[in-house]
Amino acid sequence: INCSNQKCVCSDCFYATNSYKSCAYQKCWEYNKTTKTCNDLRKDQRTAFLLSLFLSALGAANFYIEQNLIGGFQLAIFLGIPILVCGLLLPIAYYYIDCDDDNDDDAKRILCIFNVSCVVWILLIMMWWAADIVTFAEDLRMSGDGCP
């Protein structure tokens, strides 16, 4: 902190108060009194972007920046729909569908429902993935601790 002529010039850890006569602590930085250095506590944008690029469907980037509600919602969508369709509906369909009967219209309807739900699931994941890539590339989402 440099103070001259009654005005302070603050380091990265601090910001000048309205009167410029003192510096206040920045919450996204940590000041080490021993080494007299600042440590940036903000999440790395490059890491968040790479997580969104490769693991977006699992909500990894949102968990990384401590946006746990959004990350949990992404994870639920990514895992919930396949578990519902493949884990619950598929066994029920196989129980009721006679796979050898070519005239079974019910079987065709059930298979159509599976196909539509899979397509919707894939489109939803792809749209969210594209939105996450843009969001994290442009650094548009605040982290959960309020730091940019």
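Heavy-atom basis, side chains included; hydrogens, waters and symmetry copies ignored. Predicted model only: the values in this text are computed from it and were never measured.
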Over 12 foreign heavy atoms within 6.0 Å of [atom1], [X]:
| X | atom1 | answer |
| --- | --- | --- |
| Phe73 | CZ | no |
| Leu140 | CG | yes |
| Trp129 | CH2 | no |

Open item on the list: Centre-to-centre under 6.0 Å for Trp128 and Phe78, is that the case here?
Closed with: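 No.
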What pair of heavy atoms forms the shortest contact from [X] to [Y], and how long is it?
| X | Y | result |
| --- | --- | --- |
| Phe63 | Gly72 | CZ-N, 3.4 Å |
| Ser52 | Ala61 | N-CB, 3.6 Å |
| Ser56 | Asp132 | OG-OD2, 2.9 Å |

- [ ] Drop me the distance from Thr135's OG1 to Ile65's CD1, to the nearest 0.5 angstrom.
- [x] 9.0 Å
TODO: Measure the shortest side-chain to side-chain distance between Phe136 and Gln45 over non-hydrogen atoms and say whether it is less than 4.5 angstrom.
DONE: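 No; the side chains remain at least 4.5 Å from each other.
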- [ ] State, yes or no, whether a side-chain contact exists between Asp139 and Phe49 at a heavy-atom distance under 4.5 Å.
- [x] no
Task: Among Asn62, Leu58, Leu79, side-chain contact (heavy atoms from CB on, under 4.5 Å) partner for Gln74 - done: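 Exactly one pass, corresponding to Asn62.
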